Each structure stands twice: as C-alpha cells, then as structure tokens.
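What you see is a predicted model, and the numbers here were worked out from it, not measured in a lab. Per chain, numbering begins at 1; letters A, B, ... match sequence-line order.
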2 protein chains.
Amino acid sequence: MPAPKFTHDGILDATAQEVLQRGTAVTIGDVSRRLGAPSGSIYHRFPSREELLVRLWLRSVQRFHEAYLAVGDGEDPEQALVDMALRVASFTAQHQAEAVSMTLFRQSRLVDTAPEPCQDEVRTVNDTLHARLAELAQARYARVTPRHLTLVRVAAIECPYGLIRPYVWTAIPDWMADAIEASSRAILGLGDTPAT
Amino acid sequence: MPAPKFTHDGILDATAQEVLQRGTAVTIGDVSRRLGAPSGSIYHRFPSREELLVRLWLRSVQRFHEAYLAVGDGEDPEQALVDMALRVASFTAQHQAEAVSMTLFRQSRLVDTAPEPCQDEVRTVNDTLHARLAELAQARYARVTPRHLTLVRVAAIECPYGLIRPYVWTAIPDWMADAIEASSRAILGLGDTPAT
DNA sequence: CAGATACTAGAGACTAGTCTCCAATTAGGT
DNA sequence: ACCTAATTGGAGACTAGTCTCTAGTATCTG
C-alpha cells in the first residue's frame, strides 16, 4: 500500500479553507484546485460532495466540543457555565475555518438529510456535551426541571453562539466577551424564579 | 396592456414558500411549479435567480422593519428597546416565511455580491432602523459613545435574532420571551459602567 | 523480482438547473 | 375593428458541476 498523498484530513482541511470563501457553494472543483489534486482523488476518499461537507461539519463540531468541554471543573458551576459560553467566542476567534464550517448545517436538519453512513454520528454528536451541561445544571440549581436544562443550554451555548454568528466571517469584536457574560448570567438567573 | 397574471409580489410569495422547504437550494423550477407558471414568466419579472432571491430578502427585511419600528414611543427608552427585542420573536412566530427568507443572506456579504440593480437598496436597508436605535440610545444613556450605540444594537437586534435563529424553521419555544428580555436588559446594563 | 493492493490521474458521461428566444395571446387606446 | 405593447408559454441551448471509469503508478510483502 503506497503512502496516501491526499488524506482524509488533508481534504477536509482544503474544503474548510474553501468554505471560508465560497460558503455552502463550494464545489469539488474548488477543493481539488486548492489541493492540487484531480477530482477523482477526492471521490476516492468521499463517496459524494454531500458526505464530504457533512464530515467537515462533524469534525468541526467535534473539535469545538473538545475545546468547550476542557473548561475547568470544581469551581462555582455558574462560573463554569459562563466560562464555557466564553469559549464559544475564543474558539471562533482562534479557529475561523472550523467555526465557519459549523454554520454549514444545523443538526436538526442533518438528522433527516445526512447521508446514511453519517447518520449515527450526526445523531449523537451533541450527547456528551448535553450530559456535561446536565451535570452543571444539577450543581447550579436546587431542583432541576426540563426548563432548567433548557436555560442552561441556552445560556452556555445557544445565546453565545447566536451572538458570535454574524461575526464568524469577519472578526470577533472586543465587546463580545462582556455581552456573552452578561447575557449568560441573566439567562441562568431566570432559573431561580418560577416560570412566568 | 393586459392584466398581469403573475405579479412581482406573487412570484416572491411563491419563492418564500419554497424557501421555507428547500432553503437556499430553491430552483426556478420549484418556484414555477408552485406558481403554476412556466419559468419564462419568472424571468420576465426578474432578470436572474440571484436577483429574485435578493429581492425576496429585501422585502422580508423591510416587512420586518415595519413591525419592528411600530413599537410604542414615549415610554421608558429601555422598555422600548426591550419591546423591540421581543418583536423579533413575535414577528418570527407570525411570519415564518419572511423570517426564513431573512436567513438567506447576511447584509455584510450582499453589499459586495448583490446584483447591481439591488446594491443601493441593500446598502441602505438598515438605515432608518439604525437611526431609530440611535435616538433611543440618546434617551437611555447620559452620554452616548460608539460603544453605547453598539450595545443598543446588540441588545435590541443581534442578540434576540441570534436566540430565535435556530427556531425559525420550527416553532418559537415559550421560554424565548423571558430569555430575550433578560439578555437584552443585561446587555443594556453594560452601558452604565465603563468598558472593561 | 513478482504479485497484490491502495492510490493517483484525468477524460468525459451525465444531470440539473439557468437563462434565451420567439411565437401566441390578451387588453387597452384610437 | 385595428394597432400597440405588455405579457404568457414553453421548447431547448447552454453551462457548471457531480460523479464514473479505466489506465497507470507507487509501495509493501514474500
């Protein structure tokens, strides 16, 4: 077996760079040109364009989770959740290509439409993250209802992600950390009073 | 001149419905099928697929602004800003097709890439909204710096939009109003203390 | 060195979609 | 009634892109 010249990861890297520029409209031609490889070499590793893009999305999400879950434990759970929310911004600032690749799809849609070989991975990709958030919810609140779980998810992921999203393609502004911290704490605070 | 059978707005309506299902991948074929018209009739009104989609985006944004700017005046400026933020959610709940159409593009990208005849409109589409937010910033803060203007924009638009975005395709959950109000107030509060 | 296997290479078949073109149609204005 | 101009209708030219196929190449194993 000869040494692979164009690896799985190498192709994904090139795809990520092109996605940075052309967004969802990337073509196999774009990727192969950047890679200096004929299109056949890409199809040797990935059965279809669709699967290539979904794999890139999965890898980006997983890399993000790695950074995200590496937040210090032991301290105040609220602080841990805020630190996680802040990671959304710092990860994006440091890994623009990954961050942009994450905007390629939404999980909820992919669950139905992803190519069969990716389906399992797509379905379970958020599981450990949600488990970790459930732990922190336990630590933060006296009693944990489904509403509390939702609030934690919104405060630690959805809201910061929504805030940085428009800046993924450019640069994260300096007020971002303040805005994330303030909004996350405010949303977590909603769990201390009963639902309206 | 015979009465038009397929009007500008009628074609945009059909396009919006298709966008709801197929997203950015809508084809002229999809639209013409829904409309019961041959593709030629669409090209009679819109020079290209690109311009059709940009016009839909513009119309959706403008309709949103109409609802958004109709928030009551006179009261507490902070309350007015929070009410505006809440409109983001209620507009989305009531006008899903428009809301999804707004996700088709980001203004910052369109400014460069929109077809020439749309460029002016794309560039200025947010102007009156930003003017209104500047007014409210004046009323809310003692001294208004660029940072204050940004915070107001984030609190009243960007953050609520980021929060609702993942739910545009499904339904707005019931905790959304609480989350929007809490986060908006928290972000506005940042303007009362000097920057970190 | 021979054979086996993974990989590269690239031409082009095939497809889906955009857009053009022009003949036919319809509704005023005179 | 006739002329004019906007509009419809739809066939198909054209294009960009995905994907297939096969021949060739490199590396490892015995």
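Across the protein-nucleic acid pair, Ile11(A) atom CD1 and dC19(D) atom P stand 14 Å apart, rounded to whole Å. The distance from atom CG of Leu53(B) to atom P of dG17(C) is 14 Å, rounded to the nearest whole Å. Rounded to an integer number of Å, the gap from Glu51(B) CD to dC19(C) P is 11 Å. Atom-to-atom, CZ of Phe46(A) to P of dC7(C) comes out at 13 Å; the value is rounded to the nearest Å. Computed from coordinates, the Phe6(A) CZ to dA6(C) C1' distance equals 14 Å when rounded to whole Å. In this entry the distance linking CD1 of Ile42(B) with P of dT8(D) reads 11 Å, nearest Å. The interatomic distance linking Arg22(A) (CZ) with dA16(D) (P) rounds to 14 Å, in whole Å. We find that CZ of Arg49(A) is positioned 22 Å from P of dC14(C), with the value rounded to whole Å.
Considering only the side chain of His44(B), dT8(D) comes nearest among dA9(C), dT8(D), dT18(D). Listed candidates were dG9(D), dA9(C), dT18(C). Nearest to the side chain of Ile28(B) is dT18(C). For Ser48(B), the listed nucleotide lying nearest its side chain is dC19(C); candidates were dC19(C), dG9(D), dC19(D). Nearest nucleotide to the Ser39(A) side chain, out of dA11(C), dA9(C), dG9(D): dA11(C). Of the candidate nucleotides dT20(D), dT18(C), dG10(D), dT20(D) has the atom lying nearest to any side-chain atom of Tyr43(A).
Ion pair Glu66(A)/Arg63(A) not flagged as a salt bridge, since none of the NZ, NE, NH1 or NH2 atoms sits closer than 4.0 Å to an Asp/Glu carboxylate oxygen. Of the charged side-chain nitrogens involved, at least one lies within less than 4.0 Å of a carboxylate oxygen, so that Arg59(B) and Asp13(B) count as a salt-bridged pair.
In terms of modelled atom types and a separation under 3.5 Å, the side chain of His65(B) and the main chain of Leu129(B) share no donor-acceptor contact.
By the 4.5 Å heavy-atom criterion applied to side chains, Arg45(A) and Leu52(A) are not counted as neighbours.
Side-chain nitrogen and oxygen atoms of Arg45(A) include none within less than 4.0 Å of the OP1 or OP2 phosphate oxygen of dA6(C).
A ring-centre distance under 6.0 Å is found for Tyr167(A) and Trp175(A).
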